[in-house]
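Each remark here refers to the structure printed beneath this line.
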Amino acid sequence: MKIAICPGSFDPVTLGHLDIIQRASQMFDKVIVAVLVNPEKNPSFTAEERLDMIRRVITDIPNVEVECFEGLLADYARLKNAHTIVKGLRAVTDFEYEFQMALINRKLNPEADTVFLTTSSQHMYLSSSMVKSIASFGGDISDFVPECICDEISRRLGSQNQSE
Ligand code: PNS
C-alpha cells in the first residue's frame, strides 16, 4: 500500500491545503494529513481544533486520515510506514526552505522521499497567516477556506482587532 503524508501546521486549513490533499489522495492509496503540535509556534487554533476542522473538510475523501504529530516528521513517516511526504509549492519563495527540509528529512529517513505538487494558480497567494489576518480585521475569507469552517474561523478571529 502506498502511503503518503501531507504535513503542516494547518492553522487553519485553507482551500490551498485542501487542493493539495485532494490531488494527493488520487495518487496514493492512503494519505495521512499530519498536524504538527508545536506550542512554540503559538498557533491560533489548538491541535484538536485544527484536527476537527480538517476532519470536517475531508469527509468525502475516503482514503484520507488526519492525525497530530510531535517531534521529527522523518520519524513520524517511519512510524506510519509512509514513503512519501507531499508538500505544496506556491512560488519560488517557498522553494529554498522546502528544498532544505526535503534534504534534511531524506537524510534522517532515507526511505521517505518528498514530492512537491505545484499549487493551483488561484491559490498562489493564499496562506493560513493571510486568512488569519483578514479574518481578524473582519474581512471576508469565504474565497480562501472551505465553506463548512468559514464561519467558525471568522467568529473565532473576528473580534481580535475591534476597538472598544
Ligand atoms: O505548515 P507549515 O508550518 O509550513 O508546516 C511545517 C512542517 C510541519 C511541515 C515542519 O515544521 C515539520 O515537518 N516540522 C516537524 C519537525 C521536523 O521534522 N523538522 C525537520 C528537521 S529540522
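Residues: numbered from 1 along the sequence shown.
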When every non-hydrogen atom of Ala47 is compared with those of Val37, the smallest separation belongs to CB-CG2, 4.0 Å

Quick one: are Leu89 and Phe95 in side-chain contact, heavy atoms under 4.5 Å? yes

Do Ser44 and Glu49 have side-chain heavy atoms sitting under 4.5 Å apart? no

Closest heavy-atom contact between Lys132 and Pro12? CG-CD, 3.9 Å

State whether Arg55 and Asp52 are salt-bridged, where the test is any N-O pair (Lys NZ or Arg NE/NH1/NH2 against Asp/Glu carboxylate O) under 4.0 Å. no

Under the side chain to side chain donor-acceptor pair (under 3.5 Å) rule, what do Thr84 and Asp113 come out as? Steps first, then yes or no, please. CA-CA 5 Å; Thr84 312; Asp113 251 314; over 6 Å; no

Given the options Val66, Leu15, Val64, Leu18, Val57 meets side-chain contact (heavy atoms from CB on, under 4.5 Å) only with Leu18

Residue pair Leu73, Ile5: steps toward the side chain to side chain contact (heavy atoms under 4.5 Å, CB included) verdict: CA-CA 9 Å; Leu73 178 60; Ile5 293 181; 4.2 Å; yes

Pairing of Lys87 and Asp94 as salt bridge, 4.0 angstrom limit: no

Spell out, yes or no, whether Phe45 and Val33 are grouped together once hydrophobic residues are joined by side-chain heavy atoms under 4.5 Å, including indirect joins. yes

With side chains defined as the heavy atoms from C-beta onward, is the minimum distance between His83 and Lys2 less than 4.5 Å? no

Atom pair CZ/CG of Arg78 and Leu72 - distance to nearest 0.5 Å: 9.0 Å

Salt bridge check: are Glu65 and Lys80 linked by an N-O gap of less than 4.0 Å? no

Derivation of the side chain to side chain contact (heavy atoms under 4.5 Å, CB included) call for Gln22 and Ile20: CA-CA 5 Å; Gln22 271 166 339; Ile20 298 295; over 6 Å; no

When you compare the side chains of Asp140 and Ser142, does any donor N or O come within less than 3.5 Å of an acceptor on the partner? yes

Under 3.5 Å donor-acceptor, Asn63 side chain and Ser25 backbone: yes

Going by heavy atoms in the side chains, are Asn38 and Pro43 under 4.5 Å from each other? no

Pairwise distance CG(Leu157) to CD(Glu152) - rounded to 0.5 angstrom: 9.5 Å

Any idea which heavy atoms bring Ser120 and Arg23 closest together, and the distance? OG-NH1, 3.5 Å

Determine, using the 4.5 Å side-chain heavy-atom cutoff (strictly less than), whether Ile54 and Ile85 are members of one ILVMFWY cluster. no

Could you state whether Phe10 and Leu117 fall into the same hydrophobic cluster, counting links through intermediate Ile, Leu, Val, Met, Phe, Trp or Tyr residues with side-chain heavy atoms under 4.5 angstrom apart? yes

Is any side-chain heavy atom of Met53 closer than 4.5 Å to a side-chain heavy atom of Cys148? no

Quick check against the 3.5 Å criterion: does Arg50 have a side-chain atom that pairs as donor or acceptor with the backbone of Leu36? yes

Same cluster or not: are Val35 and Phe69 linked, directly or through other Ile, Leu, Val, Met, Phe, Trp or Tyr residues, by side-chain heavy atoms under 4.5 angstrom apart? no

Between Thr14 and Ser127, does the side chain to side chain contact (heavy atoms under 4.5 Å, CB included) criterion hold? Intermediate values first, please. CA-CA 7 Å; Thr14 68; Ser127 68; over 6 Å; no

Side chain to side chain contact (heavy atoms under 4.5 Å, CB included) between Thr118 and Phe116: does it pass, once the steps are laid out? CA-CA 6 Å; Thr118 43; Phe116 296 107; over 6 Å; no

Please say whether more than 12 non-hydrogen atoms of neighbouring residues, nucleotides or ligands are located less than 6.0 Å from CD in Glu111. no

Nearest heavy-atom pair of Ala82 and Ala112: which atoms, and what distance? O-CB, 4.0 Å

Taking the side chain as C-beta and beyond, is there a heavy-atom pair between Asp11 and Lys41 under 4.5 Å? no

Could you measure the distance from the CD atom of Gln100 to the CD1 atom of Ile104? Nearest 0.5 Å is fine. 4.5 Å

Heavy-atom donor-acceptor pair, Asp29 side chain to Ile3 backbone, under 3.5 Å: no

Does Ile153 share a hydrophobic cluster with Val13, counting links as ILVMFWY side-chain heavy atoms below 4.5 Å and allowing steps through other members? yes

Find the distance between CD (Glu48) and SG (Cys68) and round it off to the nearest 0.5 Å. 6.0 Å

How close do Arg90 and Leu126 get, counting heavy atoms only, and between which atoms? NH1-O, 2.8 Å

Might you work through the side chain to side chain donor-acceptor pair (under 3.5 Å) test for Tyr76 and Glu70, ending with a clear yes or no? CA-CA 8 Å; Tyr76 180 74; Glu70 284 178 88; over 6 Å; no

For Glu67, look at atom CD and say whether over 12 heavy atoms of other residues, nucleotides or ligands are found less than 6.0 Å away. yes

In terms of relative ring orientation, are Phe144 and Tyr125 parallel, tilted or perpendicular, with 30° and 60° separating the classes? perpendicular

Provide the closest heavy-atom pair for Ser133 versus Ser136 in the form atom of the first, atom of the second, distance. O-OG, 2.8 Å

